Amino acid sequence: MYISNVFIFAVLVSLENMGFIANMVSLVLYFMYVMFFNYPNSANTVTNFMGSTFLLSLIGGFISDTFISRFTTSIIFGFIEVLGLALVTIQAYSKDLQPAYCGKPTCIDGSKAVMFYFSLGLLALGAGGVKGALPALGGDQFDHKDPKEAKALARYFNWLLLSTTLGACVGVTGIVYLTTEKHKWYWGFFISTVATFIGFTVLALGKPFYRLREPKMADSPIIRISQVIVVAINNSKLALPDSPDELYEISKTENDFREEIISHTNQFRFLDKAAIVPKDSKTTPWTVCTVTQVEEVKILTRMLPILFSTVIMNTCLAQLQTFSVMQGNFMDRKIGNFNVPAASIPIIPLVFMSILVPIYEFFFVPFARKITKHPSGITQLQRVGVGLVLSAISMAIAGIVEVKRRDQAHRDIMKPISLFWLSFQYGIFGIADMFTLVGLLEFFYREAPIGMRSLSTSFTWLTLSFGYFLSTVFVNIINAITKRTSSSKQGWIHGLDLNSSHLNLFYWFLAILSCLNFLNYLYWASWYKYKTEEPDHSEPKAIDMTTEQLPVEEVPDPTEAKGEDLSTRPLVAEEEPEHTEATAKDSSAGPLLVEEGSTVDGGVTEVHEGPSSVQTEDSKQQPTS
């Protein structure tokens, strides 16, 4: 477990993110000064690129849950990422592949534009696919049924963030200095390419140490979700049974592969109709689904409001990687005789996070665990909520700093304020990101069904994607509206002169929106029902009467079962006593009786619904051989 994660943490995550995050914060300047985009188009190109990268993480998550292992998925998309970086490096090196300045909002066209967008597309596809598979690969190295390793899983995502942060520290200092101050853009991209290549090479060398899970096509998340929706619609006119025990449940065969049975919940009862056993037709995957399969869809449905409630925070993050970097170019960047690159200012939150992650892990979590009794100290959703509050504060402060910067520029443009005024908004947002990003990754991984963990973990990146795209939409809409309403006929953010824009108003708009979004998040977080713990399957054979008979003293008492809460207890191991009497009177009354051994892919393959009381008596009279 620990050796395998060394390859993931210490090498790949650090090296890959060293280049990725360095490019993320400096591309806006590359687009402005090398590709000659104006301010709004440069910012929008960056946010569209980043949005596409995180959106494409869904492809990596889907492939690794359906066709090939998470390890193989990471290696394939890693090769694509390296190829994309190599093409970006070539274009940054060759003047013949770069546009000439034209004075228009965008100067790149023709074959140069084709190479520009193709290389960015490959880079987005590769980096996105890796992000969709790699976090879940690391999580797979922990045995969820081992209490010690299950507890260590809570630490995994904190160390994942720390590794990302340490790699990013090198990127936003060394690589950014080369690109923005020395104007050696191709050297920055080249170093990113080599570091990423080394990272994936080391990942491949660690294969003998990994716990790998090979998915099956029949276990595809998309297929399982589609089956539940289709069957629920087809059964929409049927009435739900009085007891959830009468719904179709998972088989021992599938349990061996999927490693879990999910208990029935009462939310989204319409979906329960997919688990109604058909009376007049043969049981197939498209005519009946198991309760576990239905609950998987319920879990993903419950996650959606949480996912959308964190989009606004990532829209705020996009501003720190675009407009805040532009602000830095208009500020005093000197420390003595050294010019600090504006794109290096994220080193401040990165240093904060590098210090705070170990403090959080070694001091806060043990202290909070004593109070809350929660393995992670506080729940994942509480952690996300803290981050949302801090992001709103960060945007409010960003607006105040921009007013101070612009007022000083109007008084004396030769004496700008220090670049380090930006450290307030960056520092607070860095702490917010530490809480929210790790909270979301752990939340989506822990709550997801085992066969959907890559896809579910990709939801974290999906919120980032939506946030970046929403930033582009906001910039365009606000500029269009303010052009019509302002006396100058100029939008809040326009042209090449940030001193004549009203960036502070845009920051405050996002701060107000973040406060309203936090209230929305509180509602959905309190509404969310966490997935119940997986039942213990250490004695699954006790259910299958065809292979083993229960000793007399282990036969449950039907009178005791009636007093139980049927909505929370496992649906397989305790069904028997509830239907014993009914089965003895009428063999057709048992809701799950499958007499001909018919199978359902993803459902029950061999169900002997509660051996009747006659069978139980036989077991009493005839000793087991």
Side-chain angles (χ1 to χ4, degrees), residues 62 65-67 215-304 447-453 455-456 529 531-532 534-535 566-572 575 578-579 588-609:
F62 171 71
D65 279 341
T66 306
F67 301 107
K216 293 181 179 179
M217 182 61 184
D219 199 50
S220 164
I222 302 300
I223 292 177
R224 293 178 66 82
I225 293 169
S226 300
Q227 287 171 346
V228 171
I229 294 173
V230 169
V231 177
I233 293 173
N234 291 340
N235 292 349
S236 59
K237 295 182 179 180
L238 299 179
L240 286 169
D242 295 333
S243 170
D245 280 353
E246 298 179 42
L247 298 173
Y248 207 46
E249 185 45 290
I250 200 168
S251 70
K252 178 179 179 295
T253 303
E254 187 182 63
N255 180 35
D256 288 341
F257 173 68
R258 298 188 61 78
E259 304 175 14
E260 69 175 347
I261 293 176
I262 305 177
S263 301
H264 176 267
T265 61
N266 289 323
Q267 286 181 317
F268 308 115
R269 290 298 305 277
F270 171 79
L271 294 175
D272 286 343
K273 294 190 176 185
I276 297 177
V277 182
K279 294 182 179 179
D280 303 324
S281 61
K282 185 179 179 181
T283 54
T284 69
W286 293 95
T287 59
V288 65
C289 302
T290 65
V291 169
T292 291
Q293 190 176 347
V294 172
E295 290 300 320
E296 290 173 353
V297 179
K298 288 184 181 182
I299 288 170
L300 295 180
T301 306
R302 286 196 293 267
M303 287 178 174
L304 292 180
E447 290 296 295
I450 288 177
M452 300 183 185
R453 279 179 172 158
L455 185 65
S456 179
K529 180 180 176 61
K531 182 176 74 172
T532 56
E534 299 171 11
L566 298 179
S567 65
T568 59
R569 68 189 179 100
L571 300 178
V572 175
E575 286 183 323
E578 195 69 15
H579 301 291
S588 66
L592 301 181
L593 199 58
V594 182
E595 308 230 348
E596 298 176 3
S598 61
T599 63
V600 175
D601 184 15
V604 174
T605 56
E606 207 176 30
V607 181
H608 300 272
E609 175 53 32

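Values in this document were obtained by computation on a predicted structure and should not be read as measured data. Each residue takes its place number in the sequence, starting with 1.
A distance-only check finds no donor-acceptor pair linking the side chain of S456 to the backbone of M452 [under 3.5 Å]. Judged by distance alone, with hydrogens and angles left aside, the side-chain atoms of D65 form a donor-acceptor pair with the main-chain N or O of L455 at under 3.5 Å. Proximity of a side-chain donor or acceptor of E447 to a complementary backbone N or O of I299 within less than 3.5 Å is not detected.
Side-chain N/O atoms of E295 and S263 include no donor and acceptor closer than 3.5 Å.
Closest approach of V288 to V277, counting heavy atoms only: CG2-CA, 4.2 Å. The shortest non-hydrogen separation linking K273 to N235 is O-ND2, 2.8 Å. The shortest heavy-atom contact between E296 and R224 is OE1-NE, 2.9 Å. Closest non-hydrogen pair, C289 versus Y248, comes out as O-CB, 3.6 Å. Residues P241 and I276 come closest through the heavy atom pair CD-CG1, 4.3 Å. The two residues L247 and D272 make their nearest non-hydrogen contact at CD2-O, 3.8 Å.
Taking CZ of F270 as the start and CD1 of I229 as the end, the distance is 9.5 Å to the nearest 0.5 Å.
The closest side-chain heavy-atom distance from R302 to T265 is below 4.5 Å. Looking at heavy atoms from C-beta onward, Q227 lies out of side-chain contact with T290 at the 4.5 angstrom threshold.
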| message | Evaluate L300 against I225 for side chain to side chain contact (heavy atoms under 4.5 Å, CB included), listing each step before the verdict. | response | CA-CA 9 Å; L300 295 180; I225 293 169; 3.4 Å; yes
